[in-house]
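First the structure, in the form of structure tokens, and then the observations on it.
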Amino acid sequence: MLDKKQPVPFVRYGIIAIVMFIVFAATAYAESREVRVAATAEDPFIEKQTYLKQIHANEAWDIATANNNMVIAIVDTGVDLEHPDLKPNLVTGANLVNPSLPPQDDNGHGTNVAGVVAAVGNNDRGVAGILWRAKMMPIKALEMDGSGGEAKLGEGIRYAVDHGAKIVVLSLGLNKYSNYMNEIVRYAEEKDVLLVAATGNEGNRVKYPAAYPTVLAVGGMTAERKADPRSNSGPEIDLVAPWDVFTTARGGSYEYKDGTSMAAPQVAAVAALVWGKYPAMKAYQIRQLLRQTADDLGAPGWDSSTGYGMLRADRAMKEMPLADMYEPNNRKDQAKAISVSKMISASFSGGSDQDWFYFDAPYNGTVNLDFDTGGLPVIVQHTDANGNFASVAAKPGQPASVQVVKGRSYVQLQLDNRNLKQEVPYKLTTSFDIYRDQFEDNDHQYSATVLPSRSQTIVGTFHQMNDQDWFELPIEQSGSLRIRVSTDTARIDPVLFVQKKGEKAYVVDDNEDGVEESLLLPEVFPGSYYIRVSNVKEYPFPVTGEYTLTIEYDAKLIDPNEPNNRSYQATTVSLNTPYYGLIDKPDDVDWFQFRIQENNMVQLDLTEIPDGVEMNMILYDGSMKPISNTSGMKAAKLQQRLQAGTYYAKLSANQTFDRSLYQFMVNAKPLTGNFTDIRGHWAQNSILGLSDKQIINGYDDYTFRPNRTITRAEATVILSRALKLSQQKQIAYTDLSPNHWAYADIARAAQSGIIDGYPDRTFAPDQPVSRMEMISMIARSLNKTGNLQGDVPFTDVDNGYWGTGILKQMKAEGWIAGYADGTFRPDQQATRAEFVSMLAKMIP
């Protein structure tokens with residue numbers, strides 16, 4: 001491995017080329033011209049190759065054992081060119097390290113990889129590769145010690161592409177993104193060459209080039225069919241394959257090897273077998289077929305630990321490619337998992353087809369969805385982990401971008417042209433941009449974020465090119481200062497800069513990628529200290545990851561609010577503003593007072609309580625009558641609905657402390673009715689009206705969340721209450737038990753004919769209600785049959801649409817109006833506010 005100070009190093013890892021899927025119904029099976037003597041290899045060491053059984057290679061060999069029609073490039077340390085188990089399957093390659101020499105392996109790693117791909121099978125010698133006969137092109141791009149430069153890696157991939165390779169195996173990687181390598185990967189995809197790469201072996205994030213969207217990223221799996229804890233994982237992983245192999249070694253020998261370096265060539269070799277069967281397929285279709293036929297190991301569908309699952313050579317060779325492996329996914333409860341950073345392929349069966357997916361955002365940020373539909377726009381309806389809804393159009397060359405919070409988001413995809421009848425295959429490339437941290441803009445010393453003079457922990461991001469974060473720490477009293485910066489990803493190599501204004505600066509960059517840097521200043525004096533956190537200058541690109549800056553300032557502190565030991569000395573606090581204090585004497589108590597002007601939901605937060613200390617908080621009204629109290633270690637919280645007036649908080653502790661400050665804050669949210677989030681909302685009056693009638697209610701935190709999509713269960717319960725339904729019939733939906741919170745109301749609504757389940761005997765209680773479904777439910781409640789004749793009232797529905805009759809009648813009678821552009825958007829998800837507003841019209 002090169003020292004990190006050398007330009008753009010990369011280390012060898014398991015990364016191999018592998019291709020995938022889509023439908024090619026007319027593709028004929030092209031059998032190998034090789035004559036096969038048996039479907040089971042009889043090489044002397046075959047019993048040591050246990051990974052072949054794990055991926056079911058024997059069953060795949062019943063169909064094909066070779067592919068002599070395409071070249072597989074091994075970009076690595078070279079290959080042992082005279083190894084008797086490899087030589088018959090080698091074609092002319094290149095030595096990019098020393099062009100005057102052949103690509104002879106002087107390390108052994110490339111020879112290990114080549115043996116997994118295509119050691120000659122059934123030759124009464126050594127081991128059998130997954131391909132018994134093949135054309136392997138050795139390209140030496142790494143030095144003797146297994147390390148090298150990014151330039152040579154890119155040169156190796158381009159050489160392979162330009163000299164006829166269809167698959168490139170990359171059992172190597174580096175932590176950092178680069179425009180150079182991204183363009184090389186794009187070049188390979190444009191030339192329909194499959195890149196298969198290892199994810200890496202540090203138990204961290206997927207390495208590049210495996211992390212690029214069109215590279216098949218392969219992790220490692222244990223004999224127990226679980227992701228090896230050393231195997232890198234994350235949003236970019238596609239598949240896993242066995243971690244341990246027995247393979248060819250330098251000098252004509254054989255040895256056990258392990259790592260994702262050995263997993264990747266397994267996938268590349270199976271890709272070659274599959275491509276031999278379906279020679280008309282494209283690289284992205286081979287990728288998708290390998291995903292389709294993987295053996296799911298974790299939660300159903302894709303996950304960030306094992307991707308789509310374990311490589312299955314037999315299923316890849318025997319199962320028919322699907323046009324859309326994610327179907328059925330026409331409803332939210334059928335949504336399929338996808339990554340926030342990968343290319344997939346699927347299909348719309350027509351304009352009315354809806355494809356539901358979900359993804360787990362690793363942080364707050366933005367997910368970009370770039371579609372290749374042959375020029376047809378796609379409507380993306382997105383619901384984030386907090387239930388917030390947004391709708392955006394993705395047009396040719398214009399990706400749809402949706403704001404996400406950390407956690408699970410759902411997207412509903414549909415062609416903008418709902419009337420289209422033909423099938424539309426599409427490719428979807430997702431990418432993730434991390435959030436801009438709260439301290440921006442602080443990229444320069446003159447714009448440094450001023451921090452409170454105390455110990456604290458800060459979480460930040462590098463969300464843009466050349467991002468660096470400056471902080472100013474005012475030191476008011478002498479003491480000691482320790483500063484540490486750590487990161488949750490090896491894609492950041494943190495650098496720490498510390499300088500007291502006007503004095504010598506300290507620059508700390510002692511460790512490798514992803515490793516903490518720290519500085520101890522045993523004696524600091526009053527003044528301003530500047531702290532800069534950055535990634536090493538060689539890596540200026542935005543990073544999906546967070547750093548944590550920890551400041552430990554040890555000084556005898558002074559309570560800024562003293563004297564406040566009596567209620568009449570209480571410190572007056574501003575709402576939603578932090579205050580800090582100490583309990584530094586045995587009889588010390590701290591009093592605070594605040595005033596609210598109207599009914600509010602008030603929350604008192606007491607945080608940053610020192611270790612080992614328990615603090616008590618008592619809330620009093622203006623007459624000094626206790627209202628409530630709480631205590632806690634680390635933190636304490638009081639939440640109370642309060643009328644207008646003056647209030648007092650009394651803080652005490654079970655022991656004194658003077659080396660760190662507690663934080664006290666009073667947060668107040670005005671109440672409108674019983675809710676904190678409807679004031680000024682267009683549906684405020686409707687919400688208040690139905691709330692007064694006890695038809696609707698909010699959440700435990702006094703919110704109504706009007707812009708959140710409404711589910712079938714929620715809508716049914718509200719209707720049942722509004723119509724005072726009492727009779728209920730026996731219902732039996734496969735996804736709704738009698739213990740479900742909405743069961744009784746659903747049964748009543750079903751009895752009244754307002755709602756029903758789906759043909760597959762499900763009710764999908766958590767499925768969002770579309771605007772058309774909302775109108776249909778309201779219409780049924782009003783006994784509207786939808787038999788009205790006449791013109792279609794909206795531009796985005798026609799007479800063939802299932803709800804057109806209802807829309808005509810409801811529009812004609814003034815129940816609905818639609819949007820200013822003449823559309824009704826019937827398939828858009830309805831919000832809680834929209835539903836309540838509609839319901840308010842029918843409830844006198």
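A quick note: this is a predicted structure, and the numbers were derived from the prediction, not measured.
Leu369 is not listed as a side-chain neighbour of His382, based on a closest heavy-atom distance of 4.5 Å or more. Counting heavy atoms from C-beta on, the side chains of His109 and Met262 come closer than 4.5 Å. Residues Trp243 and Met221 have side chains not in contact (no heavy-atom distance under 4.5 Å, counting atoms from C-beta outward). Counting heavy atoms from C-beta outward, Val411 and Phe359 have side chains that approach closer than 4.5 Å. Between Gln104 and Lys140, the closest side-chain pair of non-hydrogen atoms is not below 4.5 Å. The side-chain heavy atoms of Trp302 and Lys342, taken from C-beta on, include no pair separated by under 4.5 Å. Asn442 is listed as a side-chain neighbour of Phe471, based on a closest heavy-atom distance under 4.5 Å. Contact check for Leu153 versus Pro209: side-chain heavy atoms found under the 4.5 Å cut-off.
The two residues Gln266 and Ile55 have their closest heavy-atom pair at OE1-CG2, 3.8 Å. Of all the heavy atoms in Pro474 and Ser453, the pair that sits closest is O-OG, 2.7 Å. Scanning all heavy atoms of the two residues, the minimum distance from Pro610 to Ser660 falls at CG-OG, 3.3 Å. Scanning all heavy atoms of the two residues, the minimum distance from Asp467 to Glu440 falls at OD1-OE2, 3.1 Å. In terms of heavy atoms, Phe497 sits closest to Val507 at CD1-CG2, 3.7 Å. Considering every non-hydrogen atom in both Asp384 and Ser409, the closest pair reads CA-OG, 3.4 Å.
Here the side chain of Asn204 pairs a donor or acceptor atom with the backbone of Ala490 at under 3.5 angstrom. Between the side chain of Asp513 and the main chain of Asp493, no donor-acceptor pair closer than 3.5 Å is present. The backbone N or O of Gly203 lies less than 3.5 Å from a partner atom in the side chain of Asn232, making a donor-acceptor pair. A donor-acceptor contact shorter than 3.5 Å is absent between the side chain of Asn386 and the backbone of Asn388. In this structure, Arg491 contributes its side chain and Val206 its backbone to a donor-acceptor pair below 3.5 Å. Between the Asp238 side chain and the Val218 main chain, no donor and acceptor come within less than 3.5 Å of each other. A donor-acceptor distance shorter than 3.5 angstrom exists from the side chain of Arg250 to the backbone of Asp105, with no hydrogens or angles considered. A donor-acceptor contact shorter than 3.5 Å links the side chain of Asp76 to the backbone of Gly110. With hydrogens and angles ignored, the 3.5 Å screen pairs a side-chain donor or acceptor of Thr487 with a backbone N or O of Glu546. Not one N or O on the side chain of Thr366 forms a donor-acceptor pair closer than 3.5 Å with the backbone of Gln403.
How far OH of Tyr662 is from CD of Glu608: 12.0 Å, rounded to the nearest 0.5 Å. Atom NZ of Lys176 is separated from atom CD1 of Ile492 by 8.5 Å, given to the nearest 0.5 angstrom. One finds the CE atom of Met310 at 10.5 Å from the OG1 atom of Thr306 (value rounded to the nearest 0.5 Å). Here Tyr506 contributes atom OH and Ile483 contributes atom CD1; the two are 10.5 Å apart, rounded to the nearest 0.5 Å. Going from atom OG1 of Thr260 over to atom NZ of Lys207 covers 9.5 Å, rounded to the nearest 0.5 Å. Taking CG of Asn112 as the reference point, atom OG1 of Thr248 lies at 6.5 Å (rounded to 0.5 Å).
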Problem - Derivation and outcome, side-chain hydrogen bond (donor to acceptor under 3.5 Å, both in side chains), residues Gln464 and Asp443 - result: CA-CA 10 Å; Gln464 61 187 353; Asp443 284 6; 2.8 Å; yes

Candidate pair Phe432 and Val404, rule side-chain contact (heavy atoms from CB on, under 4.5 Å), full reasoning
CA-CA 10 Å; Phe432 180 79; Val404 298; 3.9 Å; yes

### Task
Applying side-chain contact (heavy atoms from CB on, under 4.5 Å), run through Val75 and Tyr159 and close with a yes or a no.
CA-CA 10 Å; Val75 178; Tyr159 181 94; over 6 Å; no

Could you walk me through whether Asp145 and Ser147 pass the side-chain hydrogen bond (donor to acceptor under 3.5 Å, both in side chains) test, one step at a time? CA-CA 6 Å; Asp145 63 356; Ser147 63; 2.7 Å; yes

Apply the test side-chain contact (heavy atoms from CB on, under 4.5 Å) to residues Asp441 and Arg436: give CA-CA distance (whole Å), side-chain angles for both, the deciding distance (0.1 Å), then the verdict. CA-CA 9 Å; Asp441 181 17; Arg436 169 190 172 108; 3.8 Å; yes

Practice prompt. In sequence, state the C-alpha distance, the side-chain angles, and the governing distance for Phe357 and Ile344, and then conclude on side-chain contact (heavy atoms from CB on, under 4.5 Å).
Written response: CA-CA 12 Å; Phe357 297 98; Ile344 65 166; 4.3 Å; yes

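The existence of a salt bridge linking Arg312 and Asp295 is confirmed by a sub-4.0 Å separation between a basic side-chain nitrogen and an acidic carboxylate oxygen. Ion pairing between a basic and an acidic side chain is recognised when a charged N comes within 4.0 Å of a carboxylate O; Glu189 and Arg186 show no such pairing. The pair Glu143-Lys152 does not meet the salt-bridge criterion, since no charged nitrogen lies less than 4.0 angstrom from a carboxylate oxygen.
When Ile167, Ile74, Ile130 are each tested for a side-chain contact (heavy atoms from CB on, under 4.5 Å) with Val117, only one passes: Ile74. No option in Asp433, Thr429, Thr430 other than Asp433 meets the side chain to side chain donor-acceptor pair (under 3.5 Å) test with Asn368. Under the side chain to side chain donor-acceptor pair (under 3.5 Å) rule, Tyr547 has a single partner from Thr489, Asn535, Asp469, which is Asp469. No option in Gln468, Glu472, Gln499, Lys501 other than Gln499 meets the side-chain contact (heavy atoms from CB on, under 4.5 Å) test with Gln445. Leu481 pairs in a side-chain contact (heavy atoms from CB on, under 4.5 Å) with only one of the listed residues (Leu473, Asp554, Leu520), which is Leu473.
Ring geometry, Tyr208 versus Tyr212: the interplanar angle falls from 30° to 60°, so the pair is classed tilted. Note on ring orientation: taking the six-membered ring where Trp is involved, the planes of Tyr326 and Tyr308 are tilted (angle from 30° to 60°).
Remark: Tyr580 engages Arg454, Gln663 in a side-chain hydrogen bond (donor to acceptor under 3.5 Å, both in side chains) (not counting sequence neighbours).
Of the N and O atoms on the side chains of Tyr177 and Asn179, at least one donor lies less than 3.5 Å from an acceptor on the other residue.
When ring centroids are compared, Tyr435 and Tyr363 stay outside the 6.0 Å threshold. The ring of Trp470 has its center no closer than 6.0 angstrom to the ring center of Tyr446.
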